[in-house]
Number of protein chains: 2
Amino acid sequence: MKITINDVAKVAGVSTSTVSRVISDSPRISEETKRRVRKVIEELNYHPNAIARSLANKSSKTIGLILNTEAETLVRNPFFIQAMTGVSQYTQKNGYNVMFAYNKSEAGDLDIAVWYVNSRCVDGIILFTSRTNDKCIDFLKKNDFPFSVIGRPDQTEGVLWVDNDNFQATYQVTNDLIMKGHQRIAFLGGPRDHNVSRDRFEGYKKAMTVHGYAIDKELTFLDGNFSEEFGSECMLRIITASKKGAELPTAIVTSDDMQALGVLKAMRKKNISNIAVTGFNNTPISLYQNESFTSVDVNANKLGFYAAKLLIGKIEGKKNLPTHYIVPTNIVEVEPFY
Amino acid sequence: MKITINDVAKVAGVSTSTVSRVISDSPRISEETKRRVRKVIEELNYHPNAIARSLANKSSKTIGLILNTEAETLVRNPFFIQAMTGVSQYTQKNGYNVMFAYNKSEAGDLDIAVWYVNSRCVDGIILFTSRTNDKCIDFLKKNDFPFSVIGRPDQTEGVLWVDNDNFQATYQVTNDLIMKGHQRIAFLGGPRDHNVSRDRFEGYKKAMTVHGYAIDKELTFLDGNFSEEFGSECMLRIITASKKGAELPTAIVTSDDMQALGVLKAMRKKNISNIAVTGFNNTPISLYQNESFTSVDVNANKLGFYAAKLLIGKIEGKKNLPTHYIVPTNIVEVEPFY
DNA sequence: GAAAGCTGTGAAAACGCTTGCACTAGTATT
DNA sequence: AATACTAGTGCAAGCGTTTTCACAGCTTTC
């Protein structure tokens, strides 16, 4: 049988309220009593029951994670686990636990959100991907339940979010290429309904126009997806066009390492080299291929960390908190594996 | 203000006990009453408070994960996230939540275990790596707290565990190589204090001896680690030896994909090819390199799934449950990326 | 020297649920 | 006809905390 606060109270010869106050270090208890009670707590090896505490406090001191992502992505892209460790680091420091649930379907994500909210087993939720018209976001807003989102959502009012400055990242990547003398630079984007896709394109566009270079429609591939296949496909189209007289680009800015790998694969297949390729995420797999290329490290760990920080700030009702954080990116040169 | 069981009782004109029994579908309540109460539950959109329930039941319906692993490994090896999703799949089906905490240091792992146990916020724990003399295991055993372990621990009595048949895996991998005509086969092992290392070596040894091939001391590297560096290092030693007259192996069995990549890297550097290499884990990164090789898929998802199954069986006091599961491995041929 | 103000503590009511036990009304048993 | 079941329900005591309010005993104030 586990020791309870009553046992401590009895042994120490005080009431349970006193013990409770000692635990929370209330100023209303005399040092003398505190010392005595603490000694008993030590002796009996007493530890408060977190659940009883939660019930009395109406707060579980737990936050829930919703990984609304396909298994495939989860496994290939270390982004998620990195963000999760970031979350864990912040929550641990602040006395919160973290709960997670994985569900493949989008419907499943909503189910989990509903469960989390209705059962009151978490104090707040972190969404790991923001989709357009995300049903989870709508649901959480409607229920006035604290949550934060990794990745800027469509509607930012009333939501806490963290993200990179994606515009800045591609701006810089593109600018760097231009500084190295590249003029004909292609761009591969992500799905149109992700804000991140638009931002990355805009950054590229800005850098190009600032320097007076044209955005060649034949070299910009928007509304794509973050896959290797898409990367290969675009590259093959570029190559085909070049056979019909178009000039090959000297550099390609992509929106994801997978895309970049696809591009490299197609280049290899067609025996083309000397095109600089850039990606996003600094995925370790990018280390295991033969071309050197540039990747944008998004600092996933920090994204998780700040998502937790925002959320916990909100839960604890702190005032004057920021509504979002922009986490800086670093541009890394990935050396070839061999 | 949230709806409670009392509100439902009042509206339905019954006592709270009756509502509670309707929720748990007790046979002692008449169908008539059940119907009426359920209708009210629906109308009021009532959902039981999980925490109050936990307190009354003395069970949080939550299990805790302890990821006692370095961040680097966590990120590079999708094993962990795969196992986590496996755990989540089983627990969701059975009405359990999962809590996780990440902590870099080994000391931290123990802290988390202590917190989980003392605060009673989880009903059981899954350890994601079994080390020799694992302090967490000792602590959990001493406190008689339910837990299961991924990876067979040193002392199996009184512990629930899941693992692959590592002996069988390397036996088969080695045997396959022999069937293809290889006779001179090197072996790279993992850290001596991991059971997995010993098992994998024994499988290799058995296959070799069954076929009457010698185990060449110069070609077996035990007590290594699961890194690329170790792989490269061993391969370079093999190559150096060959320059002094030793015969090169025609195949190399390694204990990890990272090791295998290291081997391939060294081969490439020294311009050697035509040596078959095998690894473990079917890591996606293995897809992004140029040699085809063989990897053993350990079915991490299933390992997590069964770890959860064993644990929940124990928590719920089921009788005649197995003490461990052996999850089959599949041998996969990884095609070169390009 | 009475009123007012502190200080330190305890009693008891929450928090929202489960469950052992008791009770009532029928029904079956002898 | 008395007894013994059974089915269906409610009462109230938990589960282990926190926290409001009350109060006793001091000290200060005018």
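Just so it is clear: chains get the letters A, B, ... in the order the sequence lines come, proteins before strands, and each one is counted from 1. All of these numbers come straight from a predicted model, not from anything done at the bench.
With a 6.0 Å cutoff to the six-membered ring centre and a 45° limit on the axis angle, Lys142(B) does not count as a cation-pi contact of Phe139(B). Relative to the six-membered ring of Phe305(B), Lys302(B) meets both conditions, a distance below 6.0 Å and an angle of at most 45° to the axis.
In this structure, Val162(A) and Leu303(A) approach most closely via the heavy-atom pair CG2-O, 3.4 Å.
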With B for base contact, S for sugar-phosphate-only contact and - for none (protein heavy atoms under 4.0 Å), nucleotides 9-15 of chain C reads BBBB--B

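Atom CD1 in Ile5(B) sits roughly 12 Å away from atom C1' in dT19(C) (whole-Å rounding). With rounding to whole Å, Tyr46(A) atom OH is found 10 Å from dG16(D) atom P.
Using modelled atom types, no side-chain atom of Asp123(A) and backbone atom of Ile63(A) make a donor-acceptor pair closer than 3.5 Å.
Listed by first and then second residue, the salt bridge (Lys or Arg N to Asp or Glu O under 4.0 Å) pairs that reach into residues 303-326 of chain B are Lys61(B)-Glu316(B), Glu316(B)-Lys318(B), sequence neighbours excluded.
Over its full length, the helix from dG1(C)-dC30(D) to dT30(C)-dA1(D) turns its helical axis through 50°, comparing axes from the five pairs at each end and rounding to 10°.
For dT18(D), the OP1/OP2 oxygens have a side-chain nitrogen or oxygen of Arg53(A) closer than 4.0 Å.
The salt bridge (charged side-chain N to carboxylate O under 4.0 Å, His left out) check on Arg36(A) picks up Glu32(A), with sequence neighbours excluded. Listed by chain and residue number, nothing satisfies the salt bridge (charged side-chain N to carboxylate O under 4.0 Å, His left out) test with Asp144(A) (two or more places apart in sequence, or in another chain).
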Residues 45-55 of chain A side chain polar contacts: donor-acceptor under 3.5 Å, at least two apart:
from: Asn45(A); atom 1: OD1; to: His47(A); atom 2: NE2; distance (Å): 3.1
from: His47(A); atom 1: NE2; to: Asn118(B); atom 2: ND2; distance (Å): 3.2
from: Asn49(A); atom 1: OD1; to: Ile51(A); atom 2: N; distance (Å): 2.7
from: Asn49(A); atom 1: OD1; to: Ala52(A); atom 2: N; distance (Å): 3.0
from: Ser54(A); atom 1: OG; to: Ala50(A); atom 2: O; distance (Å): 2.9
from: Ser54(A); atom 1: OG; to: Ser59(A); atom 2: O; distance (Å): 3.3

